[in-house]
Protein chains: 2
Amino acid sequence: MEHVNQRKSTTTVKRQTGGRRGTSMAGAVSERRDHLVKLAAELFARKGFQATTVRQIAEEAGILSGSLYHHFDSKEAIVDEVLRTFLEDLIARYRAALHSDGDPRAVLSEMVRIGFGTLELHRAAITVMQNDWSYLRSLPDNRFDYLVKAEDEVERMWIEQIKRGQAVGQVRGDVDPKLTYRMIRDTIWVAVRWFRPGGRLNTAGLAEHYVKVLFDGLATGDRTSQQA
Amino acid sequence: MEHVNQRKSTTTVKRQTGGRRGTSMAGAVSERRDHLVKLAAELFARKGFQATTVRQIAEEAGILSGSLYHHFDSKEAIVDEVLRTFLEDLIARYRAALHSDGDPRAVLSEMVRIGFGTLELHRAAITVMQNDWSYLRSLPDNRFDYLVKAEDEVERMWIEQIKRGQAVGQVRGDVDPKLTYRMIRDTIWVAVRWFRPGGRLNTAGLAEHYVKVLFDGLATGDRTSQQA
DNA sequence: GTCTATAACGCGATAGAC
DNA sequence: GTCTATCGCGTTATAGAC
């Protein structure tokens, strides 16, 4: 029922032409704008950033493509907002988990849950990030440099916890922390490819399944029956 | 302005001078052609299928874009050949592993090794498959239906081995076979994002690391120290 | 805030000479 | 097997009316 957009007013925030960009801070946020971003995100996720045209985005919103440029400087500015919003939320959640004072295994488990949790909330953004990351990074300008910066910060947080786990004996010492982090990260994010809300398993179930296998392994407790 | 939607007729597949193609089987394979496919695959992997232009492919080969159409019917025909070649090789390797008479854990370990092994041989194809899968599948024609067919066959092979493992007590019974398969598959393929030949670890080391964690878990043997 | 109209450009693909 | 030349179309983005 999101057809409403006749709502004029809301203190017209001038976000255009010469306006800010880059920081994503910004106070007064237009609901209309957010709605457009959300529509665009779904299209980007479904068809890919490049294959999605501004005409399609506009059509989805019930306006013409030219009108989109009243709200955004460019198509890239839209996907920029999609990704930036997601990454800010993700990192904030991770930070909260790190400040929870849990032991490393508890924190790592929580981080896994956070990851799967964002699958539901930010499915479109995660899909775009995965499918179009390398293209966006390959663009001539530096607009998307923050993607790498955010990735690095997340990596630092994970690896720190894995090493803490090894230090206190909760994580086996013979695994490579960086490699292990990548393994975990990839496994979580890539699930957006097939995960659909409302399916057989929700993200919480998914997370528990993964935590179980991740920590205790696929093998049965009987380690004698195992050969390489 | 007419927006009469006149689709390019995709039904008229005209064969190319020089005959043969399609099945990738066989005989007189043009080295020239294969070279072009390889160049294109690298570009597709680096920039994405859509962002790669036929002019770029031709330039890489030192010819002009028009000349490409002596070898291929279309840009799609090129990526088709990239993916088809990879999938045929992958499935052949899996089949060999299944016929090895090993116990389930040995077969599953071998399948993990095969997966990581193809990372080196088919890095570009795997990247394209991951990044452009949904776009190619969304095309109006049925050209890429075989992607799903191949995926299904691979899934069947994995799940069969996981269930066999559970039946003989080598794989714990409380994991979901399908979910576990997806977890493994995703973890392997997605490594193309960061794996670079000649790096700190080769694919064999990568595979062993993963087999270790996958079967025995991240946790230390001391299961009393584990909560949650 | 949206529409009309269009500029400016790059794309995949084709025809025919050589 | 490649080049020259080009067609037809879709694309992002802009300018100005309303």
Side-chain angles (χ1 to χ4, degrees), chain A residues 3-19 30-36 39-40 43-44 47-80 135-136 139-141 143, chain B residues 1-19 21 28 30-36 39-40 43-44 47-80 135-136 139-141 143:
Chain A
H3 245 323
V4 209
N5 43 24
Q6 251 49 1
R7 314 196 319 125
K8 16 208 94 193
S9 78
T10 58
T11 56
T12 0
V13 191
K14 180 81 171 202
R15 323 189 62 94
Q16 197 61 359
T17 60
S30 149
E31 283 180 27
R32 174 79 172 128
R33 183 189 174 87
D34 285 352
H35 180 59
L36 291 171
L39 290 180
L43 286 170
F44 291 154
K47 321 232 317 165
F49 173 71
Q50 301 160 83
T52 302
T53 70
V54 292
R55 289 202 245 269
Q56 288 170 334
I57 299 171
E59 185 184 23
E60 200 79 7
I63 58 179
L64 291 186
S65 66
S67 307
L68 264 186
Y69 289 83
H70 173 75
H71 303 279
F72 307 97
D73 288 331
S74 66
K75 185 177 146 186
E76 286 172 17
I78 305 179
V79 76
D80 190 321
Y135 170 71
L136 295 174
L139 293 176
D141 57 20
R143 166 159 229 156
Chain B
M1 62 248 92
E2 69 209 291
H3 29 94
V4 180
N5 186 11
Q6 56 172 30
R7 280 216 51 74
K8 319 176 211 181
S9 152
T10 49
T11 52
T12 57
V13 181
K14 91 160 180 247
R15 270 296 18 101
Q16 205 69 21
T17 56
R21 138 217 113 166
S30 153
E31 283 182 26
R32 177 75 172 132
R33 183 188 173 88
D34 286 353
H35 181 58
L36 292 172
L39 290 180
L43 286 170
F44 290 154
K47 322 231 316 164
F49 173 70
Q50 301 162 84
T52 303
T53 68
V54 293
R55 287 174 170 87
Q56 289 170 333
I57 299 171
E59 185 184 22
E60 199 80 7
I63 58 179
L64 291 187
S65 67
S67 307
L68 265 186
Y69 288 81
H70 173 75
H71 303 278
F72 307 96
D73 286 330
S74 67
K75 188 178 144 186
E76 286 172 17
I78 306 179
V79 76
D80 190 321
Y135 170 71
L136 295 174
L139 294 176
D141 58 21
R143 167 159 229 156

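As a basis for the values below, the full set of heavy atoms in this structure was taken, side chains included, without hydrogen atoms, waters or symmetry mates. Quick note on labels: first sequence line is chain A, next is B, and so on, each numbered from 1.
If you take CD1 of B:I57 and P of D:dT2, they are 15 Å apart, rounded to a whole angstrom. Atom NE2 of B:H71 is separated from atom P of C:dA13 by 15 Å (rounded to the nearest Å). Rounded to an integer number of Å, the gap from B:H35 NE2 to D:dG1 P is 15 Å. Summarising the geometry, the separation between CG on B:L139 and P on C:dG12 is reported as 13 Å, rounded to the nearest angstrom. Atoms CZ (B:R32) and C1' (D:dT2) sit 9 Å apart, rounded to a whole Å. With rounding to whole Å, A:I63 atom CD1 is found 5 Å from C:dT2 atom P.
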Q) Can you give one letter per nucleotide of nucleotides 13-18 of chain D, going 5' to 3': B for a protein heavy atom under 4.0 Å from the base, S for sugar-phosphate only, - for none? A) BB----
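Taking only side-chain nitrogens and oxygens, A:R33 never comes nearer than 4.0 Å to OP1 or OP2 of C:dG1.
Using a 4.5 Å heavy-atom threshold, the side chains of A:L68 and A:I57 count as touching. In this structure the side chain of B:L136 reaches within 4.5 angstrom of the side chain of B:V79, judged on heavy atoms. Side-chain contact between A:D141 and A:E76 is present, with heavy atoms from C-beta onward closer than 4.5 Å. Side-chain contact between B:Y135 and A:Q50: absent, with no pair of heavy atoms (C-beta onward) separated by less than 4.5 Å.
Of the candidates D:dT2, C:dG1, C:dC11, D:dT2 carries the atom nearest the B:H70 side chain, counting heavy atoms from C-beta on.
B:F49 carries B:K75 over the face of its six-membered ring, with the cationic atom under 6.0 Å from the centre and within 45° of the normal.
Taking for each of B:L64 and A:Q56 the nucleotide of DNA chain D with the nearest heavy atom, the 5'-most of the two is the partner of B:L64.
Atoms OG and CG, on B:S30 and B:L36 in that order, are 7.5 Å from each other to the nearest 0.5 Å.
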